[in-house]
Asker: 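Just passing along the structure, written as structure tokens.
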Amino acid sequence: MPSIGGAQVVIALQSVSKAYPLGHFALRDIDLDVEASTTLALLGPSGCGKTTTLRLINRLIDPTAGRVLVNGRDVSTVDPIELRRGIGYVVQNAGLFPHMTARDNAETVTRLLGWPRDRRRERSAELFSLVGLDFDGIADRYPNQLSGGQQQRVGLARALAADPPLVLLDEPFGALDPITRRKLQTHFLELKASLRKTMVLVTHDVDEALRLADRIAILIDGRIAQVGSPREIRASPQTADIAELVASALDA
Ligand code: ADP
Ligand code: MG
């Protein structure tokens, strides 16, 4: 694995651009490193290219220019199935399969991996407790019988099922009421400290990025506007727009 100043770089985007048909650029010439066991927040307004970035990392889409490296390997040379086995993905708005129970949703990956039934069940019980859900009360319910917060927790359990070293989270707390969001954020901080995963957390909420991330990359119109620790972003925002963004979070 490559290293910069001693830290291991797990994800590297090198001069990455993504243009969609008709010439619309979702990302322009992005350079970004994520170090092992750290959480990077990808922060920016709707449409700035956050989801596109996550999809490039687990190779749901390919860049039109540049390279994406995971553990030092260009993802375009890695079998996508093998790549995704090492990457948990919490999709925007929980994205649970509506016709499957909470438990079956959480077992999506372990089933694909061919784990026997007992082992899968044992793992889901463990995961439900990890994400703060009562297994007996929740496991057999369908997504429409769960609150938004419970659905997000099941989404997180699904992403963590095979204990991937790398986790991508797309606005995991975006659709929740403020109290539930706060509660899940606190839980996330506990999990982050105990699991030590490498994570990319997408959010449009500055306050959330400042609270949860080790580093923040601010994405505006498909370009990186600033990268730094929460402290650096707070203390020296590099443009007037970023300063305004940070001020609004501190007022709230
Ligand atoms: P975010 O997650 O930050 O809200 P996205 O990464 O989803 O933004 O999208 C970035 C830009 O790329 C948006 O302008 C969006 O409309 C555009 N885009 C996303 N997916 C496609 C697609 N499949 N075809 C064309 N344009 C797309
Ligand atoms: Mg998005």
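Nothing here was measured: the structure is a model prediction, and the numbers come from that model. Order of appearance sets the numbers: ligands from 1, and atoms from 1 within every ligand.
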Asker: Taking a hydrophobic cluster as the set of Ile, Leu, Val, Met, Phe, Trp and Tyr residues connected by side-chain heavy atoms closer than 4.5 Å, whether directly or through intermediates, do L212 and V34 fall within one such cluster?
Answerer: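 Different clusters: L212 never reaches V34 through Ile, Leu, Val, Met, Phe, Trp or Tyr contacts under 4.5 Å.
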Asker: To check your reading of the model: name the closest protein heavy atom to atom 19 (C) of ligand 1, its residue, and the distance in Å.
Answerer: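 Checking every protein heavy atom, the shortest distance to atom 19 (C) of ligand 1 gives Y20 CE1, 3.4 Å.
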Asker: Going by distance alone, is a donor N or O of one side chain under 3.5 Å from an acceptor N or O of the other, for S124 and R158?
Answerer: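 No pair is found: no donor N or O on one side chain lies under 3.5 Å from an acceptor on the other.
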Asker: When you look at L156 and L191, which way does the side-chain contact (heavy atoms from CB on, under 4.5 Å) test go after all the steps?
Answerer: CA-CA 11 Å; L156 187 58; L191 286 180; 3.8 Å; yes
Asker: For atom 7 (O) of ligand 1, is some protein heavy-atom partner under 4.0 Å away?
Answerer: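 So far as the 4.0 Å threshold goes, atom 7 (O) of ligand 1 is in reach of a protein heavy atom.
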Asker: Within less than 2.8 Å of the Mg ion (ligand 2), any N, O or S from T51?
Answerer: yes
Asker: State plainly whether one hydrophobic cluster holds both I138 and V131, where clusters connect Ile, Leu, Val, Met, Phe, Trp and Tyr through side-chain heavy atoms under 4.5 angstrom apart.
Answerer: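 In one cluster: yes.
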Asker: T52 heavy atoms, cut-off 4.0 Å: which ligand 1 atoms fall inside?
Answerer: 5 (P), 6 (O), 9 (O), 10 (C)
Asker: Note the single closest protein heavy atom to atom 13 (C) of ligand 1, along with its residue, its atom name and the distance in Å.
Answerer: G47 O, 3.7 Å
Asker: At what distance is the nearest protein heavy atom to atom 14 (O) of ligand 1, and which residue and atom is it?
Answerer: H24 NE2, 3.1 Å
Asker: With a cutoff of 4.0 Å, is C48 in contact with ligand 1, counting heavy atoms of the residue only?
Answerer: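 The answer is yes, since C48 has a heavy atom less than 4.0 Å from ligand 1.
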Asker: Decide whether L169 and F173 are clustered together by the hydrophobic rule: side chain heavy atoms of Ile, Leu, Val, Met, Phe, Trp, Tyr closer than 4.5 Å, transitively.
Answerer: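 Both belong to a single hydrophobic cluster.
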Asker: For atom 12 (O) of ligand 1, what's the nearest protein heavy atom and its distance?
Answerer: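 The closest one turns out to be A26 CB, 3.4 Å.
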Asker: Given side-chain contact (heavy atoms from CB on, under 4.5 Å), test T180 with L184 step by step and report yes or no.
Answerer: CA-CA 6 Å; T180 308; L184 256 80; 4.0 Å; yes
